[in-house]
Amino acid sequence: MAGSVNKVILVGNLGKDPEIRTLNSGERVANLSLATSETWRDKSTGERKEKTEWHRVVIFNENIVKVAENYLKKGSTVYIEGSLQTRKYEQAGVEKYTTEIVLQKFRGELTMLGGRDGGGSGGGYGGGGSRGDDDYSSGFSTGGANKPSGPRESYDLNDDIPF
């Protein structure tokens, strides 16, 4: 294999407000606790089951940190793109490991999903720039493929056609 890919894409809800801290270098970092859930029906009982996974997200991109600080809160639905990293740390003399989704300074993306009450505005932040929020947006970007071009007007299709 010539190369490899380390890319993580998650859509989930924040379990708590973002934690913003400043490193010794003066750089600001945001930590998010993101929950993803899957639901299914148990074939034998017909009962609905749910499983939730919790993910640690670390953001080093200053612009995305500002967005997280100003617009995200517990319960916000977000789309996250980053890379998977495992780091070692020591706690009370014991070596421990943690795996996190990391959005580096010039890599990664955060898109707020959901309605205005859900904490999201539909705007995207990160490598792809900002995506606008309008009446045609569902929170997921389609690259403008489903958005009509031109003014929003109703046209009478029952007019006289000259041929």
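Note: hydrogens, waters and symmetry copies are ignored here, and every other heavy atom, side chains too, is used.
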Apply side-chain contact (heavy atoms from CB on, under 4.5 Å) to Thr99 and Leu84, showing your working. CA-CA 7 Å; Thr99 302; Leu84 205 57; 3.7 Å; yes
Quick one: do Lys73 and Leu14 satisfy side-chain contact (heavy atoms from CB on, under 4.5 Å)? Show the steps, please. CA-CA 7 Å; Lys73 62 182 181 202; Leu14 296 186; over 6 Å; no
Derivation and outcome, side-chain contact (heavy atoms from CB on, under 4.5 Å), residues Leu110 and Asn61: CA-CA 10 Å; Leu110 167 93; Asn61 180 311; over 6 Å; no
Going through the checks in order, is the side-chain contact (heavy atoms from CB on, under 4.5 Å) test met by Lys7 and Arg107? CA-CA 10 Å; Lys7 185 173 189 175; Arg107 286 195 198 163; over 6 Å; no
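Counting only heavy atoms from C-beta outward, the side chains of Glu109 and Leu103 never approach each other to under 4.5 Å. Counting heavy atoms from C-beta on, the side chains of Glu62 and Arg28 come closer than 4.5 Å.
The two residues Val78 and Leu113 make their nearest non-hydrogen contact at C-CD1, 4.1 Å. Across every non-hydrogen atom of Thr39 and Glu50, the tightest pair is CG2-CG, 3.7 Å. The two atoms that bring Leu34 and Gly12 nearest to each other are CD1-C, 3.5 Å, heavy atoms only. Shown here for Ala30 and Ala68, the closest heavy-atom pair between the two residues is CB-CB, 4.3 Å. The minimum heavy-atom distance between Val11 and Thr36, with the atom names listed, is O-CG2, 3.5 Å.
Hydrophobic clustering (side-chain heavy atoms under 4.5 Å, transitive across Ile, Leu, Val, Met, Phe, Trp, Tyr) groups Val65 together with Met112. Hydrophobic clustering, with ILVMFWY side chains joined whenever heavy atoms are under 4.5 angstrom apart, keeps Tyr79 apart from Val102. Linking ILVMFWY residues whenever their side-chain heavy atoms come closer than 4.5 Å, directly or via other members, leaves Phe60 and Ile101 in distinct clusters. In terms of hydrophobic clustering, with Ile, Leu, Val, Met, Phe, Trp and Tyr side chains grouped at heavy-atom distances under 4.5 Å, Ile64 and Val58 are assigned to different clusters.
Taken from NZ in Lys51 to OG in Ser37, the straight-line distance is 11.0 Å, to the nearest 0.5 Å. The line from CD of Glu47 to CZ of Arg41 is 9.5 Å long, rounded to the nearest 0.5 Å.
For the side-chain contact (heavy atoms from CB on, under 4.5 Å) with Glu19, the qualifying choice from Leu32, Val29, Asn31 is Asn31, the only one to do so.
Of the possible polar contacts, none joining the Asn13 side chain to the Ala35 backbone as a donor-acceptor pair under 3.5 Å is found. The main-chain N or O of Lys74 is found under 3.5 Å from a side-chain atom of Asp17 such that the two form a donor-acceptor pair.
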